[in-house]
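Working notes, beginning with the structure itself.
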Amino acid sequence: MAAHQEKKLAEERKHQNMQNGTKTSQGQWGRAWEVDWFSLASILFLLMFAPLIVYYFIMSCAQYQCSLTDPLLDLLTGNKHLSDIWERTPMLTYRAAGIYSLWVTFQVVLYMYIPDFCHKFLPGYMRGVQEDAVTPAVVNKYQINGLQAWIITHVLWFANASCLHLFSPTIIFDNWIPLLWCANILGYAVSTFAMIKGYFFPTNAKDCKFTGNFFYDYMMGIEFNPRIGKWFDFKLFFNGRPGIVAWTLINLSFAAKQQELYGEVTNSMILVNVLQGIYVLDFFWNEAWYLKTIDICHDHFGWYLGWGDCVWLPYLYTLQGLYLVYHPVQLCTAHALGVLLLGLLGYYIFRATNHQKDLFRRTNGNCRIWGKRPEHIECSYTSVDGTKYYSKLLTSGFWGWARHFNYTGDLMGSLAYCLACGFGHILPYFYIIYMAILLTHRCIRDEHRCSSKYGKDWERYTAAVPYRLLPGVF
Ligand code: NDP
């Protein structure tokens, strides 16, 4: 079987490299092949605790008005037992299973069978078949139609809320915990399926990566681009839909719940809906650009992406809206304006920085950035088969300020969502803490990869652009 041969080859390569005393990172696809103890410990920690963390946050809101300390205090003082908390937790229901199955099926249908129409009335929108992620086996092609999936879903949502009344707009909030069990079932099912598929029927055996460590392979994935048939791409589907299409619907459902409970929607809830809505819309407008991000170009598909997209993203990225259902915060005008400006500025930096790199790479440097010819560093790298490639690293525009200024913009936007919730509780601030850890780790991991890839050229680049996130600070 192709995958077994590839696995054997990978093990032989690893053995040879160890004998030669060479590092295995240069020119290889995806993540590290040798699993160091720190990575393994982090992976085991996440596999064990990430589902508990999600449960703890959601349960804290449902049972403790979003207090993160009260459940712990109750348990430590013996006031409550774990079984008491568990007994008050809603279980999986047929209704939730039905809603969730219908939701995922609907997104599959939109993804697979509805050709894009948005380009007919939206000039400049990139869609249709796009090429990207060149791997040792193939040049991957993707069907881009995410924006229309988002539009159709939301038009139906508003049609139902305003005139059809087939279901309540609070449906997501009302089934939040039963839906969590459904999301977990899908998250674990798809990650386990991806692992089995990687071993027994991979889409491209040459793109599989076996580290020999079961937990690492399960978490970080074996297959680079698992697919079913020609077009059903696991990474593109699971990251964008159901996860990101759901994000804005979840927020709308939280806003509807506020309206039902308090007779009004607070300005903080509107801010969270608007700012996160812009971020989500941007994602779909630029879905073709997303093909150039680390998720698609470097990461393999395992539990990290599969479970993360099904559970972590929809449940933890929406904590602000959930919090505001339990604590409706009405901000004073100055506070609301400050949050709006920070959110918009963060979004602008995030988008403009990503756009500058995309434009630079797409035109091979034949473009203008801030009205000038872009400055850059010529670099080269050699792949495992010995072929030499050339590339360019941009050193002007926002990319001259810091090496990951796009992350800085993202962090500013994330902070704005949290600040919209006021200062009453720590829970809505989880997002900025998480994003700071995620993006700092991503920054280090990406630089480690780029340094192995470009060697001395990367050193010249870091000398030209010395800061990572904040010019003059970090
Ligand atoms: P980047 O878009 O920054 O891509 C990094 C890659 O770009 C590098 O591996 C390198 O690839 C290339 N590169 C690095 N420096 C330069 C340069 N100076 N000039 C040209 N190319 C360069 O990272 P991500 O894919 O991580 O992030 C994309 C966006 O998505 C970010 O804005 C991030 O904030 C956001 N994001 C959001 C998340 C969320 O959960 N909300 C999660 C993750 C990301 P090469 O090998 O081609 O040289």
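Predicted model only: the values in this text are computed from it and were never measured. Ligands are counted one by one from 1 in listed order, and the atoms in each one are counted from 1 as well.
In terms of protein heavy-atom proximity, atom 40 (O) of ligand 1 is closest to Y317 OH, 2.7 Å. The closest protein non-hydrogen atom to atom 27 (O) of ligand 1 is Y407 CE2, 3.7 Å. For atom 43 (C) of ligand 1, the closest heavy atom belonging to the protein is R442 CZ, 3.2 Å. Of the protein's non-hydrogen atoms, the one nearest atom 21 (N) of ligand 1 is R361 NH2, 3.1 Å. Among protein heavy atoms, atom 1 (P) of ligand 1 sits closest to K357 NZ, 3.5 Å. L394 N, 2.9 Å is the protein heavy atom nearest to atom 19 (N) of ligand 1. Regarding atom 37 (C) of ligand 1, its nearest protein heavy-atom neighbour is D410 OD2, 3.2 Å. Scanning the protein heavy atoms around atom 16 (C) of ligand 1, the nearest turns out to be L393 CD2, 3.5 Å.
Assignment of M435 to the shell around ligand 1 is supported, since a heavy atom sits closer than 4.0 Å. Ligand 1 is approached by Y454 to a heavy-atom distance shorter than 4.0 Å. At least one heavy atom of R449 sits closer than 4.0 Å to an atom of ligand 1. At least one heavy atom of W289 sits closer than 4.0 Å to an atom of ligand 1. Heavy-atom distances between L438 and ligand 1 reach below 4.0 Å in at least one pair.
Close approach to C450 involves these atoms of ligand 1, each under 4.0 Å from a residue heavy atom: 8 (C), 9 (O), 10 (C). For ligand 1, the atoms lying closer than 4.0 Å to a non-hydrogen atom of Y461 are 15 (N), 17 (C), 18 (N).
For K235 (side chain) and F224 (main-chain N/O), a donor-acceptor pair under 3.5 Å exists by modelled atom type.
At a 3.5 angstrom cut-off on N or O pairs, D295 does not count as close to ligand 1. Inclusion of I294 in the set of residues having an N or O under 3.5 Å from an N or O of ligand 1 is warranted. Residue-to-ligand polar distances keep S391 apart from ligand 1: every N/O pair is separated by 3.5 Å or more. In terms of polar-atom proximity, defined here as any N/O pair under 3.5 Å, N354 does make such a contact with ligand 1.
For atom 3 (O) of ligand 1, the nearest non-hydrogen atom from the set L439, N406, T353 comes from N406. Here atom 28 (C) of ligand 1 lies nearest to T293 when heavy atoms of T293, I349, N239 are compared.
Relative ring orientation between H404 and Y407 is described as parallel, the plane-to-plane angle staying below 30° on a 0-90° scale split at 30° and 60°. Ring geometry for F57 versus F430: interplanar angle of 30 to 60°, hence tilted. Using cut-offs of 30° and 60° for the angle between ring planes, the F350 and Y347 rings count as tilted.
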From CA spacing to verdict: side chain to side chain contact (heavy atoms under 4.5 Å, CB included), Y315, I53 = CA-CA 11 Å; Y315 275 83; I53 293 172; over 6 Å; no
Are W370 and F398 close enough, and set up right, to give a ring-ring contact (aromatic ring centres under 6.0 Å, His included), and what steps lead you there?
-> CA-CA 9 Å; W370 290 349; F398 282 128; 4.9 Å; yes
Could you check Q107 against T153 for side-chain hydrogen bond (donor to acceptor under 3.5 Å, both in side chains), going step by step and ending with a plain yes or no?
-> CA-CA 9 Å; Q107 290 307 315; T153 309; 3.2 Å; yes
Show the numbers, then the answer: is there a side-chain hydrogen bond (donor to acceptor under 3.5 Å, both in side chains) between S191 and Y304?
-> CA-CA 8 Å; S191 317; Y304 169 74; over 6 Å; no
In sequence, state the C-alpha distance, the side-chain angles, and the governing distance for W399 and N406, and then conclude on side-chain hydrogen bond (donor to acceptor under 3.5 Å, both in side chains).
-> CA-CA 9 Å; W399 292 87; N406 48 350; over 6 Å; no
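No cation-pi contact links R442 to Y434, judged by a cut-off of 6.0 Å to the six-membered ring centre and 45° from its axis. Both tests pass for K453 against the ring of Y381: distance under 6.0 Å to the centre and angle within 45° of the axis.
Proximity of L313 to ligand 1, defined as any heavy-atom pair under 4.0 Å, is not found for any part of the residue. The side chain of Y279, and not its backbone, has at least one atom closer than 4.0 Å to an atom of ligand 1 (non-hydrogen atoms only; side chain from C-beta on).
Salt-bridge check for D446 with R468: failed, with every basic side-chain N at 4.0 Å or more from each acidic carboxylate O. Using a 4.0 Å cut-off between charged nitrogen and carboxylate oxygen, R351 and D358 do not count as a salt-bridge pair.
In the displayed structure, F215 atom CZ is contacted under 6.0 Å by at most 12 heavy atoms of other residues, nucleotides or ligands.
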